[in-house]
Amino acid sequence: MEQRDLDAILALQRASPEIAQWTARDYVEARTASAAVFVSELSAECEGESPWDSLAGFLATRVAADEAEILNLAVRLDARRHGVASVLLGTALDWAAARGAKKAHLEARASNAPALAFYKRHLFNISGRRPQYYSSPVDDALLLTRDLNHVF
Ligand SMILES: CC(C)(COP(=O)(O)OP(=O)(O)OC[C@H]1O[C@@H](n2cnc3c(N)ncnc32)[C@H](O)[C@@H]1OP(=O)(O)O)[C@@H](O)C(=O)NCCC(=O)NCCS
């Protein structure tokens, strides 16, 4: 992520009510040795067709001890089901594994069927449930985990 990506990330975040609504400062502070924000750009022929320029998606992650956490992930509505999130996740898990992560985990809304299908496709299993963890609207959180000891 570059500083110039921030406006596009915030616009995509606002259009994705399923995810955590971070501030610009949160994203800047997420770029440390143990945390990163990855972005995916649209192909050249699609550039300039949207108010958020050429950004197709982003993913924020961090590594603590030997675990990676996927903190935030969204793909533009009109760029979904083209593998954008899969590339972002693969990049993030490779980055985390190179920093010693042996497992990855995240929380997702129990009602977020697309995200649950996405993470299931990428070998995450449901390992816990936090009742009424989310507000606006109230929803359970599902804890999803996977090992990183095999090729993505
Ligand atoms: C979840 C999300 C990030 C997936 O992004 P994406 O770029 O469309 O995902 P991909 O194209 O890489 O999908 C890979 C696979 O995941 C599964 N998948 C993704 N979206 C799906 C959907 N809406 N319904 C069912 N399966 C889905 C499929 O198996 C898909 O493979 P296929 O297209 O060959 O069938 C996207 O829907 C999104 O931004 N949602 C809103 C924000 C959000 O919920 N973030 C996650 C918070 S935990």
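Residue numbers run from 1 in the order of the sequence given.
- The one candidate from Leu88, Leu144, Leu59 that meets the side-chain contact (heavy atoms from CB on, under 4.5 Å) condition with Ile70 is Leu59.
- The CD atom of Glu67 lies 4.5 Å from the NE2 atom of His105; values are rounded to the nearest 0.5 Å.
- Under 3.5 Å, the side chains of Thr23 and Asp26 contain a donor-acceptor pair of N or O atoms.
- Proximity of Gln132 to Asp140: side-chain heavy atoms (C-beta onward) are separated by under 4.5 Å at one or more points.
- Judged by distance alone, the side chain of Gln21 and the main-chain N or O of Gln13 form a donor-acceptor pair under 3.5 Å.
- Among residues two or more places apart in sequence or in another chain, the ring pair (Phe, Tyr, Trp, His ring centres under 6.0 Å) test is passed with Tyr134 by none.
- Put simply, the side chain of Leu93 does not reach to within 4.5 Å of the side chain of Thr61, judged on heavy atoms.
- Atom CG of Leu116 sits about 6.0 Å away from atom CD1 of Ile126, to the nearest 0.5 Å.
- Contact check for Leu89 versus Phe124: side-chain heavy atoms found under the 4.5 Å cut-off.
- The stretch residues 56-87 participates, sequence neighbours left out, in these ring-ring contact (aromatic ring centres under 6.0 Å, His included) pairs: Tyr27-Phe58.
- Expressed to the nearest 0.5 Å, how far CD of Glu41 lies from CG of Leu55 amounts to 7.0 Å.
- Put simply, Leu106 and Tyr133 are part of two different groups of oily side chains (I, L, V, M, F, W, Y) that touch within less than 4.5 Å, one to the next.
- Looking at Arg80, its side chain does come within 3.5 Å of a backbone N or O of Val75 through a donor-acceptor pair.
- Taking OG of Ser16 as the reference point, atom CZ of Arg76 lies at 11.0 Å (rounded to 0.5 Å).
- At least one side-chain heavy atom of Arg62 sits less than 4.5 Å from a side-chain heavy atom of Leu71.
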